[in-house]
Amino acid sequence: MYVAVKGGEAAIRNAHRLLADRRRGNRDVPALRLDQIVEQLSLGVDRVMAEGSLYDRELAALAIVQSRGDLIEAIFLVRAYRTTLPRFGYTRPVDTAAMLVERRISATYKDLPGGQLLGPTFDYTHRLLDPELAAGGAVETPAQRPADAERMSRVSEILAGEGLIEPDGELPVDRDVADITREPLEFPMERDARLQALARGDEGFLLALGYSTQRGYGRTHPFVGEIRIGEVELELDVPELPFAVPLGRVRVTECQMVNQFKGSAKAPPQFTRGYGLVFGQAERKAMAMSLCDRALRAREFGEDVVAPAQDEEFVVSHLDNVQSTGFVEHLKLPHYVDFQAELDLVRRMRAEHGRTPAVGAAETKEAAE
Amino acid sequence: MKGGRRGERQEEEQRKAAMAALAAAPAHLLSDLWAASGLPDEAEPVRGPETGLVTIRGRIGGGGAPFNVGEATVTRATVRLPTGEVGHAYVLGRDREKARLSAIADALWQDPKRRGQVEARLLEPLRARLADADRRRREETAATKVDFFTMVRGED
């Protein structure tokens, strides 16, 4: 028999009303505008876009306000919104070599063509809190220096010239590009499906896994071949026009990780690679993604799968923070009936335990599992 | 015949460039320019404006096999002018008015008599603004370029 218990409507209504009040906070303090969040908390906005898997700054800013700055909640809101929209199609693959570069560094080549461009980075700051920022002082305009609009080739192309590095990853051309939003996850995955999952994966989870590979759990000997941040053009093929329609630009972060060698009887040793591509300015995430991408290629390179970061099913099944939070947080919802059943069980076990103490111990353990 | 095909291709390239300038335009700038242009903004809506998603693709390693990175919001519109031209627009974001005006601009652009006006009053100012913003961005980035120098130690 199942007996439904209802109740709590008024409590829920008032709780949401209280939430709205607390979200707004002290009415003497001006309410945040979305453009303030887009402009001044832009990396938080970028994170919500990347993990919410939806490039739309204003929506991400709205989600951040609505969630009171709880970014995982904001990502959840964005994911839910996505499902309400029709899909117009797939863009042509972006060309990151044609990027309008805002930052570009390499840890492997000092004098690469185009140079090391630091851009707006936290690197080399002293990580000291700045009281002037709290006081709201004026900010200097950026310095400028003449620049030419040259195409900045990717660092991987430099090593590729000598055959010292594996080429950009190819997959059989006769198959459709995997889309994890359309088909259920199946293991083992191809690299395209894995990269799609990694691109929307939780930054903290991927960061920890990437770090674990550096500490020896699936070591890959990485170097940052290149990180670049900037805007790329999007183009979409549509039936009503004879050319690909330009949609505008999005900012992305790309990381080319260069890893130690692989060779075989047939092929001489060469560097291997991990790749990261993330919406917005998201350098830490792009680096973590490329470390995980390389670690997850263990099977492809015939490496022993001995560490969590190399275990595709483990990584891909747990990287999505919306799924994770859904299953963890559901535990706080009413489980009154489930728990009642467990209570009955433990009472029965205890009663049996009292009757036959010697045999009971082993049986109890089994039943509890 | 051959010249006609080449002309057609060239016109497609120009139309695409016009759409690129419209898509990259800040919405408020487009409506301000439109208001000052004297161009008609009346057209029969054929489809939309409506907002949907496109899935953005990248390539493994930058140049390898394609993979899906995530979605972006896009708003599209199709309009028909009283004179019969049909215009299309697909622009990033959720601004329906921007998509509508862009579709009208595309339709007007296809009329050889009005193309010059669209180019001069809308597209040229939009391109100039974009080129200016891009140049400033490049120059600000260039100012953060590292100039390495070598410290010489010892006698010679």
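Numbered from 1 within each chain, the chains take letters A, B, ... in sequence-line order. Just so it is clear, the model here is predicted, and its values are computed rather than measured. Because only heavy atoms are used, hydrogens play no part in the values below, and waters and symmetry mates are left out as well, while side chains stay in.
Only the side chain of A:Tyr275 has a heavy atom closer than 4.5 Å to any heavy atom of chain B. Neither the backbone nor the side chain of B:Arg9 comes within contact range of chain A, judged by heavy atoms closer than 4.5 Å. A:Val238 touches chain B through its side chain: at least one heavy atom from C-beta onward sits under 4.5 Å away, while N, CA, C and O do not. Heavy-atom distances place the side chain of A:Leu100, and not its backbone, under 4.5 Å from chain B. Interface remark: A:Ala178 contributes backbone atoms only to the contact with chain B (heavy atom separation under 4.5 Å). For B:Tyr90, the parts lying near chain A are the backbone and the side chain together; criterion is any non-hydrogen pair under 4.5 Å. A:Phe243 touches chain B through its side chain: at least one heavy atom from C-beta onward sits under 4.5 Å away, while N, CA, C and O do not. When heavy atoms are compared at a cutoff of 4.5 Å, A:Leu236 approaches chain B solely by way of its side chain, counted from C-beta outward. Both the backbone and the side chain of A:Glu102 come within less than 4.5 Å of a heavy atom of chain B. Only the side chain of A:Glu231 has a heavy atom closer than 4.5 Å to any heavy atom of chain B. Heavy-atom distances place the side chain of A:Leu241, and not its backbone, under 4.5 Å from chain B. The contact between A:Glu235 and chain B is made entirely by side chain atoms (from C-beta outward), counting heavy-atom distances below 4.5 Å. Both the backbone and the side chain of A:Val94 come within contact range of chain B, each with at least one heavy atom under 4.5 Å from a heavy atom of that chain. When heavy atoms are compared at a cutoff of 4.5 Å, A:Asp111 approaches chain B solely by way of its side chain, counted from C-beta outward.
The candidate from B:Ala21, B:Ala20, B:Ala24, B:Gly63 with the greatest count of non-hydrogen atom pairs under 4.5 Å with chain A is B:Gly63. Ranked by non-hydrogen atom pairs under 4.5 Å with chain A, the options B:Met19, B:Glu13, B:Glu12, B:Arg137 are led by B:Arg137. With respect to chain B, the highest number of heavy-atom pairs below 4.5 Å among A:Val232, A:Leu234, A:Thr96 belongs to A:Leu234. Of all the listed residues (A:Gln196, A:Glu233, A:Met257), the one sharing the greatest number of non-hydrogen pairs under 4.5 Å with chain B is A:Gln196. With chain B as partner, the option from A:Val250, A:Asp95, A:Leu59 having the largest number of non-hydrogen pairs under 4.5 angstrom is A:Leu59. Comparing A:Gly274, A:Ser290, A:Pro167, A:Pro142 by heavy-atom pairs within less than 4.5 Å of chain B, the highest count is held by A:Pro142. Taking chain B as the reference chain and counting heavy-atom pairs below 4.5 Å, the highest number among A:Thr141, A:Leu171, A:Leu195, A:Val245 is found for A:Leu195. The most heavy-atom pairs under 4.5 Å with chain B, out of A:Ala143, A:Gly114, A:Gly276, come from A:Ala143. Between chain A and the residues B:Gly62, B:Gly58, B:Pro66, the most heavy-atom pairs under 4.5 angstrom are made by B:Gly62.
Using modelled atom types and a 3.5 Å distance limit, the side chains of A:Tyr55 and A:Arg57 yield a donor-acceptor pair. Looking only at atom types and distance, the side chain of A:Tyr90 has a donor-acceptor partner in the side chain of A:Asp179 under 3.5 Å away. Of the N and O atoms on the side chains of A:Arg273 and A:Gln256, at least one donor lies less than 3.5 Å from an acceptor on the other residue. Between the side chains of A:Arg82 and A:Thr181, no donor-acceptor pair of N or O atoms lies under 3.5 Å.
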Report the C-alpha distance between A:Arg191 and A:Glu300 in whole Å, list the side-chain angles of each, state the deciding distance to 0.1 Å, and finish with yes or no for salt bridge (charged side-chain N to carboxylate O under 4.0 Å, His left out).
-> CA-CA 10 Å; A:Arg191 196 172 169 200; A:Glu300 183 187 335; 5.4 Å; no
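Across all non-hydrogen atoms, the minimal contact from A:Cys255 to A:Ile227 is SG-CG1, 4.1 Å. Nearest approach of B:Thr75 to B:Gly93, heavy atoms of both residues: OG1-O, 2.7 Å. Closest heavy-atom contact between B:Glu119 and B:Pro125: O-CD, 4.3 Å.
Note that CG of A:Leu206 is 8.0 Å distant from CD of A:Glu51, once rounded to the nearest 0.5 Å. Atom CG of B:Asp95 is separated from atom OG of B:Ser102 by 8.5 Å, given to the nearest 0.5 angstrom. B:Arg121 contributes atom CZ, which lies 6.0 Å from atom CG of B:Leu39 (distance to the nearest 0.5 angstrom). Here the CG atom belonging to A:Leu319 is positioned 8.5 Å from the CG atom belonging to A:Asp202, to the nearest 0.5 angstrom.
Contacts between residues 117-125 of chain A and chain B, defined by a heavy-atom separation under 4.5 Å, are made by A:Leu117, A:Leu118, A:Gly119.
In terms of modelled atom types and a separation under 3.5 Å, the side chain of A:Gln116 and the main chain of A:Lys110 share a donor-acceptor contact. A donor-acceptor pair under 3.5 Å links the side-chain atoms of A:Thr91 to the main chain of B:Arg57, judged by distance alone. At least one donor-acceptor pair under 3.5 Å links the side chain of B:Lys98 to the backbone N or O of B:Ala25.
Counting heavy atoms from C-beta on, the side chains of A:Arg175 and A:Asp192 come closer than 4.5 Å. Residues A:Met152 and A:Glu226 have side chains not in contact (no heavy-atom distance under 4.5 Å, counting atoms from C-beta outward).
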